Amino acid sequence: MIKLFLEESNPEAILLDNLDQALIGHCKIKQTDSQVAVYSETKILQTLMKNNSWGYNQALNYFYQNVDCAYMGPNTPIIVSDLPSHTA
């Protein structure tokens with residue numbers, strides 16, 4: 001349902017490959033007046049571990065090196081940091 005909404009409201013919205021399970025919603029970007037995908041960091045890590053038979057640290061390293069740092073223009077997805085904080 002989220003993917004369908006994004007396809008209709010913003011065909012240029014970027015979706016992350018093989019991470020549909022981590023897609024949790026959409027968000028309107030005020031500067032561009034367009035909708036972008038929203039992903040859960042926790043669910044991304046869980047999906048990476050499951051799909052690749054990786055441990056947590058492997059998934060975390062991949063996430064920070066390949067997903068979290070990626071900027072693909074104004075339609076780049078938002079990633080919600082929903083991991084427990086260890087600094088609070």
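What you see is a predicted model; the values in this text were computed from it and never measured.
- Nearest approach of Ala59 to Met49, heavy atoms of both residues: CB-CG, 3.5 Å.
- Under the rule for a side chain to side chain contact (heavy atoms under 4.5 Å, CB included), the partners of Thr42 that lie at least two apart in sequence or sit in another chain are Ser40, Gln46, Asp82, Leu83.
- Taking CG from Leu48 and CG from Asn61, the interatomic distance works out to 11.5 Å, rounded to the nearest 0.5 Å.
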Check: residues 2-9 side-chain donor-acceptor pairs under 3.5 Å, at least two apart:
from	atom 1	to	atom 2	distance (Å)
Lys3	NZ	Asp20	OD2	3.1
Ser9	OG	Phe5	O	2.9

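- Evaluation of the side chain to side chain donor-acceptor pair (under 3.5 Å) rule for Lys50 yields no partner, not counting sequence neighbours.
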- request: Apply side-chain contact (heavy atoms from CB on, under 4.5 Å) to Thr32 and Asn10, showing your working.
  value: CA-CA 11 Å; Thr32 60; Asn10 181 10; over 6 Å; no
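- Not counting sequence neighbours, Asn57 has no partner by the side chain to side chain donor-acceptor pair (under 3.5 Å) test.
- The ring-ring contact (aromatic ring centres under 6.0 Å, His included) check on Phe63 picks up nothing, with sequence neighbours excluded.
- Annotation for Glu12: atom CD does not count as buried by contact number, only 12 or fewer foreign heavy atoms lying within 6.0 Å.
- Nearest heavy-atom pair across Lys43 and Gln21 is CD-O, 3.7 Å.
- When hydrophobic side chains of Ile, Leu, Val, Met, Phe, Trp and Tyr are connected at separations under 4.5 Å, Ile24 ends up clustered with Ile29, Val36, Val38, Ile78, Val80.
- A donor-acceptor pair shorter than 3.5 Å cannot be found between the side chains of Asn18 and Asn51.
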Full working for side-chain contact (heavy atoms from CB on, under 4.5 Å) between Tyr39 and Leu15: CA-CA 9 Å; Tyr39 289 86; Leu15 300 173; 3.6 Å; yes
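- Atom CG of Leu16 and atom OG1 of Thr76 lie 9.5 Å apart (nearest 0.5 Å).
- How far CE of Met1 is from CG of Leu23: 12.5 Å, rounded to the nearest 0.5 Å.
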